[in-house]
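Each chain gets a letter, A, B and so on, in the order its sequence line appears, and its residues count up from 1.
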Amino acid sequence: NSSYQLSSVPLQILFYINGIYYIFYFLATLAMIVYKSEVFSYPDDFLAPDLALLFVMAILEVLRLYLGSKGNLTEEEAPLGLSLVMTVGSVILSVYFLVWQTYVLKADVILNALLLFTYGLESLLKVVAIAAFVS
Amino acid sequence: VAKLCVCDLLVAQCDVNCCCDPDCSAADFSLFTTCSVPIVTGDNRLCSQKAAIYSLDVEANPPERIFKLIDQVNPSVFCIHATNYKEALSFSSPQMPTSENFDQLLKEFESATFSAEPDSWNMNTDAQSPSDANETYRYEYGVPIQTVDAFLRLPSPVLSSWCSDANPAGFLVNQATKCIRSVSVEKCGNIQAVSMLFYINSSILAVNITVQSVIVQSLNGMWTLLNSSDVLRLPMILDEVCINIVLGVSYHITYTDAGEIIEAAASFVLGAINKEALSIQQSFEISFTQVNTKPVPLSGNPGYVVGLPVRAGFRPQGYPFPVEILFNTNKYGQLTILQSTSNQDCLAAQGARTPVLFGYNMVSGCKLRITAAMKCQPLTQTLLDLLKGQTFPEYVASFGNSRAQDVLDWVPITHFQTSEQRIYNTFQSSCQIPISLEIEVKWTKYGSLVNPQARIVNVTATITSTTLKQLPSGRERTIPITSSVVFTDISSPAEPGYKAWPTINVKLPFDFFFPFV
């Protein structure tokens with residue numbers, strides 16, 4: 001009987017897919033940064049921020065997915081709300097990799113666009129879930 | 001890309017088969033066979049870029065060029081969509097210096113290498129300069145002498161006879177130059193280079209240039225030495241004549257043996273020009289003296305230089321050191337030999353002598369007319385004076401820069417007497433007159449193989465005499481008198497010096513035989 005269960009199943013599925021996709025995203029972006037540094041002129045001043053932000057994004061993503069998943073499963077709005085706030089940070093970082101990176105390849109555009117779409121969908125479902133938990 | 005054309009090499013002319021050349025007209029295009037440059041694009045790693053495509057339509061009559069500007073798309077998924085790095089795909093053109101960014105550009109590019117952190121270079125120089133600020137600079141030979149704002153200038157002619165003010169004076173380089181400068185009476189006070197102030201204005205890094213003496217040359221060329229040399233005389237116009245124009249400057253720099261300049265003095269010759277004068281000749285000179293020494297012209301440092309006079313001197317009685325003769329009638333006062341004159345009569349030679357120059361073998365002579373009336377002894381004495389000169393030195397310096405105090409650096413001249421004919425009967429009182437003086441200077445190469453210095457080892461003076469047979473009265477004879485100088489190189493072949501083979505220094509530890517020792 002789904003009326004007793006407030007946890008959102010689509011949200012959980014989305015978290016799961018997000019996790020797998022993010023692993024792929026992280027490895028692909030890292031590999032492309034290595035490729036860019038070999039093929040193009042990529043001085044250290046520009047390479048260091050890009051790499052640093054990628055690792056920050058990975059840590060942020062792990063925390064975000066864990067909190068969101070826990071919040072959804074235990075039907076608590078606090079971790080879910082925190083996860084929503086962290087989503088904002090992840091969105092900003094994704095936009096950085098989409099627009100403000102040193103070299104933006106077409107593959108970068110595709111990966112980041114997909115990630116942003118996923119974030120958008122997630123945020124929507126989180127808001128709905130929080131609304132359901134609060135009331 | 002529509003404006004780029006790689007094959008457009010000739011300016012304002014049509015290049016053959018270059019379809020992108022803007023100088024070609026349609027008539028030229030109809031003569032082409034192919035297009036050497038079919039496509040002009042930017043970096044093809046970009047996802048989408050403009051491309052200019054040139055082709056020839058050979059089916060049309062006459063053939064015409066087709067120009068298309070299209071967007072070329074790179075299908076690869078790794079094409080560059082955007083870059084946020086300015087120098088990513090092309091070299092950035094350097095910034096044009098303006099008054100705003102000049103200081104920043106100067107700071108960035110003024111050192112020998114351009115580093116991303118120009119401060120690290122500045123820190124090194126800042127650390128050094130406070131300690132150097134109180135010391136005077138040490139100079140090496142040839143280094144330009146620094147003044148407060150630039151270098152000490154010695155105007156000299158460059159390429160033509162006109163004065164160029166950009167010639168710096170080098171340390172220990174004695175120079176004397178003459179050059180022409182254009183002047184006019186109207187611009188008398190405006191031309192800097194004819195005013196005394198220009199030459200004494202700059203100080204040689206903590207040493208002011210003092211005025212040693214001022215000679216004033218009048219319009220008709222007469223020189224007057226001024227009593228007071230402290231007053232600065234600037235050019236001024238007086239009755240349409242411009243006076244106090246610098247005609248000559250002579251710098252005397254005193255230095256220590258550590259390479260520091262401690263004194264600088266300038267002597268001036270000031271002249272006057274009238275309205276008709278368009279140019280003047282200025283002469284400049286600079287000489288260096290070591291402190292606490294008398295300026296002696298060196299013949300080499302340390303080895304003798306070919307062409308410079310051989311230095312010689314006396315050892316006065318009671319004096320431990322040889323003392324040099326500096327002031328003689330011949331001005332050189334060195335080792336001299338008889339100089340041949342156009343009038344080959346020895347007795348009318350007037351004592352003309354020429355200094356012996358290192359490395360130059362010389363022969364000179366004259367003819368002596370002997371009459372019956374000549375007595376032997378006075379003739380012998382006259383000939384000896386003729387051959388050897390009034391003051392024949394006793395010692396010759398072995399190096400070009402030997403000092404008078406170093407006794408061991410001076411080589412004594414050994415004298416030999418030989419006779420032309422064998423004297424059969426020594427008791428026969430015959431007259432021996434000297435007829436030739438041969439000075440043989442033996443020198444060797446001294447020092448390192450790559451920079452050998454000439455050193456005089458041995459000097460011998462050989463007087464050859466002949467018997468003077470008594471002439472019947474009324475007859476006269478002419479005999480030649482010769483003197484010569486020969487330089488012989490007796491240097492031994494160079495020996496290579498090798499380092500000693502390294503030895504293996506192996507010792508047993510002191511407690512090797514422990515139980516037994």
Take atom [atom1] of [X] as the centre, draw a 6.0 Å sphere, and report whether it contains more than 12 heavy atoms from other residues, nucleotides or ligands.
| X | atom1 | result |
| --- | --- | --- |
| B:Phe102 | CZ | no |
| B:Phe198 | CZ | yes |
| B:Leu449 | CG | no |
| B:Gln192 | CD | no |

With a 4.5 angstrom heavy-atom cut-off, could you sort out which part of B:Cys47 is near chain A: side chain, backbone, both or neither?
->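 Contact with chain A involves the side chain of B:Cys47 alone.
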
In terms of heavy-atom pairs under 4.5 Å with chain B, which of A:Val109, A:Asp108, A:Ile110, A:Val104 leads?
->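 Top count of heavy-atom pairs under 4.5 Å with chain B: A:Val104.
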
Kindly say whether A:Val99 contributes a backbone atom to a donor-acceptor pair with the side chain of B:Asn84 at under 3.5 angstrom?
->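 Looks like yes, one N/O pair under 3.5 Å.
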
Aromatic plane relationship, B:Tyr85 with A:Phe46 - under 30° parallel, 30 to 60° tilted, over 60° perpendicular =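 The arrangement is tilted - the two ring planes meet at 30° to 60°.
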
Do you know which two heavy atoms are closest between B:His81 and A:Lys106, and how far apart they sit?
->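 Reported closest heavy-atom pair: CB-N, 4.2 Å.
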
Are side-chain heavy atoms of A:Phe40 and B:Ile80 found at a separation under 4.5 Å?
->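 Counting from C-beta outward, A:Phe40 and B:Ile80 do come under 4.5 Å.
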
